[in-house]
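See below for the structure under consideration.
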Amino acid sequence: MNAVIYARVSTEDQGDNFSIPSQFAAARRYAEERDWRVVAELSDTMSGAVLERPALRRMRDLLAARAVDVVIVYALDRLSRNVAHMLLLRDEMSGAGVQLHAVTRGQSAETAEGRLFDTVESAFAEFERLKIRERSMRGKRQKVAEGRVLGQGVTPPYGYRYTGNKRTKALEPDATEAEWVRRIFAWTADGVSSRAIAARLEEAGVAPPGNTRHKAAAHWYHGTVQGIIRNPVYRGEQVYDAYNTGVAVPALVDAGLWQRANEQLDRNKQNACRVAKRFYALRTRVRCACGNACGGNPVHMRGVVYRYYTCIGKDKEAVRRCAKPAYVRAERLEAAVWQWVSTVVLDEARLMDAIEQATATEADRRRELERERAAYAAHIGDADRRIARLIDAYTAGALDLDAFTGAKRQYDAMKSAAHAELARIDTLLADDAARRVNRDALLETVRNLKAAPASLPTPEEQAAMYDALDLRVVVDGETAQVSARLTGDEGVLPMVERRSLSACRR
């Protein structure tokens with residue numbers, strides 16, 4: 001018999017402590033004692049409350065392909081700590097004729113009693129997970145109430161470092177970073193934009209906020225700067241939203257400067273949030289060859305307004321500067337792209353083939369989602385029936401109140417988890433339906449154009465068609481490289497000689 005071994009730990013720390021290798025070793029011995037051939041060893045470092053895990057997904061694919069006969073885990077809680085998820089996985093194994101074995105207790109029986117035992121064990125695993133979380137939250141709440149700092153994540157806020165041990169942890173200013181924090185606040189209060197501040201920090205070679213465990217950030221970004229300005233820790237208060245309170249810490253700037261910087265940031269945001277007066281059919285779909293996006297940019301010359309697509313890397317404040325920024329007339333680029341789309345892509349027969357192929361690739365995933373949805377709905381119905389029997393048993397005097405409330409709590413937790421999964425699946429199915437609607441609208445527009453070739457779609461209709469085609473345009477010197485991901489078509493459109501911003505304004 002072919003067997004697959006699945007192991008899981010919740011955190012990387014557990015992985016470093018060789019918990020996964022020990023699970024693999026025990027499961028291998030279990031398989032060797034029964035002369036089973038191990039065809040795959042899969043592991044995840046994720047919470048057991050999450051169903052979408054990479055290795056678990058590969059294991060489920062093996063089940064669907066009927067490539068294995070046995071699934072071996074060290075204990076059932078390694079497979080899942082969620083009752084609804086466990087029931088779904090057990091249904092998949094049963095449907096594929098696959099046995100489930102746990103090293104700690106042997107094979108899970110495919111009987112009503114066996115299923116009940118698995119459900120009870122999964123319920124206790126979920127209960128244990130919730131109790132661990134509740135104890136952790138209670139401990140953190142107590143620490144905050146005592147005015148102690150919590151270690152949020154693996155790094156302290158920029159400008160600080162942690163001191164003390166786990167019980168006496170505190171925030172202490174880092175001299176070098178704290179000085180840059182003060183400059184950031186002063187620059188913002190003086191009206192310097194967040195993008196300009198990010199560029200200044202880049203030019204000065206200041207290391208951006210990083211993470212000691214994961215890869216550090218490569219650049220300073222305006223969002224990073226704004227996050228610092230908004231954080232009340234720099235005025236001396238580490239706020240914990242989950243507990244609706246804060247802890248006093250050493251301030252890096254006085255309250256007045258913090259307030260002025262935040263007010264200036266609000267003014268900057270208000271000035272930037274204006275309604276666009278001109279429509280750009282290719283908005284969000286044009287990029288410069290340097291990799292930066294190209295935004296719509298109106299240029300005023302001699303009382304006339306011209307629309308341009310301009311690389312954002314041209315600005316002095318840009319984090320990633322562009323040596324040869326794209327700067328192309330919107331009318332010219334939009335006309336060239338529409339000419340290419342209308343002659344190359346919008347052939348009804350070819351478009352229908354592309355839509356059918358794209359739909360076929362999505363069909364398997366949709367069927368799987370619908371199957372999962374039916375399974376969760378069945379679990380909800382089963383839980384309702386079990387609760388009804390509990391009520392009958394309680395009213396007949398066969399159960400005392402404690403036994404009734406304890407059992408009902410477990411079934412309510414099962415229903416709650418299943419309802420959450422149903423909501424997730426419904427969202428994915430709705431997104432899939434929206435894609436189909438967009439493609440249907442695209443076909444209808446193409447047929448209307450074919451019936452009345454003299455008429456042209458409006459810019460808004462063109463933009464909707466580009467969305468359905470998932471169009472991408474890269475402006476590179478005197479050419480524009482365009483691609484439609486739906487059909488797989490690619491082309492190179494000639495552009496007229498590039499003109500610099502200064503030349504266009506003369």
Side-chain angles (χ1 to χ4, degrees), residues 6 8 10 44 46-64 71 73 76-96 98 100 108 110 112 115-134 358-391 405-439:
Y6 178 80
R8 182 190 63 80
S10 299
D44 282 310
M46 294 181 66
S47 168
V50 178
L51 181 63
E52 289 301 324
R53 296 172 243 154
L56 184 62
R57 165 55 54 191
R58 291 194 292 274
M59 188 195 80
R60 295 171 70 188
D61 290 340
L62 293 175
L63 298 179
V71 172
V73 295
L76 281 188
D77 65 356
R78 298 301 87 195
L79 191 61
S80 178
R81 281 183 176 268
N82 181 292
V83 176
H85 294 169
M86 177 62 75
L87 292 172
L88 175 67
L89 295 171
R90 292 289 282 116
D91 283 348
E92 291 182 352
M93 294 178 194
S94 178
V98 174
L100 173 62
S108 293
E110 284 295 336
R115 285 296 189 100
L116 176 61
F117 189 82
D118 288 351
T119 301
V120 171
E121 187 169 344
S122 299
F124 275 110
E126 182 171 358
F127 175 74
E128 181 184 4
R129 175 178 62 83
L130 294 175
K131 287 297 292 182
I132 291 172
R133 182 177 183 275
E134 192 274 335
T359 303
T361 59
E362 297 166 353
D364 290 341
R365 176 59 178 166
R366 187 165 61 253
R367 282 193 292 270
E368 182 180 351
L369 288 173
E370 289 170 347
R371 180 184 57 79
E372 287 188 10
R373 194 187 192 288
Y376 284 123
H379 293 324
I380 293 173
D382 182 60
D384 285 334
R385 288 188 292 273
R386 290 174 182 270
I387 290 174
R389 289 197 290 270
L390 280 176
I391 294 174
T405 55
K408 184 176 182 300
R409 187 181 301 113
Q410 296 300 331
Y411 291 130
D412 285 340
M414 184 199 316
K415 287 178 58 180
S416 177
H419 277 298
E421 290 301 313
L422 285 180
R424 178 185 65 84
I425 292 171
D426 286 343
T427 299
L428 294 175
L429 290 173
D431 292 342
D432 185 58
R435 282 193 295 271
R436 294 199 300 273
V437 169
N438 288 342
R439 291 167 183 170

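Quick caveat, the model's predicted, so the values are computed rather than measured.
With sequence neighbours left out, the side chain to side chain contact (heavy atoms under 4.5 Å, CB included) criterion links A363 to R366, R367. In this structure, the salt bridge (Lys or Arg N to Asp or Glu O under 4.0 Å) partners of E368, at least two apart in sequence or on a different chain, are R57, R365. With sequence neighbours excluded, the residues satisfying side chain to side chain contact (heavy atoms under 4.5 Å, CB included) with R424 are L51, E52, E372, E421, L428. Residues forming a salt bridge (Lys or Arg N to Asp or Glu O under 4.0 Å) with R371 (at least two apart in sequence, or on another chain): E92. Take R53 and apply the side chain to side chain donor-acceptor pair (under 3.5 Å) test, not counting sequence neighbours, and it matches Y6. Residues forming a side chain to side chain donor-acceptor pair (under 3.5 Å) with R389 (at least two apart in sequence, or on another chain): none.
Salt-bridge annotation for D77 and R8: absent, with no side-chain N of the basic residue lying under 4.0 Å from a carboxylate O of the acidic one.
Here R90 contributes atom CZ and L88 contributes atom CG; the two are 12.0 Å apart, rounded to the nearest 0.5 Å. In this structure, CZ in R385 is found 11.5 Å from CD1 in I380, a value given to the nearest 0.5 Å. Between the OG atom of S94 and the CG atom of L89 there is a distance of 12.5 Å, given to the nearest 0.5 Å. Distance check, rounded to the nearest 0.5 Å: CZ of R60 to CG of L56 gives 6.0 Å.
Under the 4.5 Å side-chain criterion, counting only non-hydrogen atoms from C-beta, V71 is in contact with L63. The side-chain heavy atoms of H85 and Y376, taken from C-beta on, include a pair separated by under 4.5 Å.
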Between I387 and D412, does the side-chain contact (heavy atoms from CB on, under 4.5 Å) criterion hold? Intermediate values first, please.
CA-CA 9 Å; I387 290 174; D412 285 340; 3.5 Å; yes
Take M59 and L79 through the side-chain contact (heavy atoms from CB on, under 4.5 Å) test and state the conclusion after the steps.
CA-CA 11 Å; M59 188 195 80; L79 191 61; 4.1 Å; yes
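Closest approach of M93 to L100, counting heavy atoms only: SD-CB, 3.8 Å. Closest heavy-atom contact between A55 and D44: N-OD1, 3.0 Å. Of all non-hydrogen atoms in A377 and L422, the two that sit nearest each other are N-CD2, 4.2 Å.
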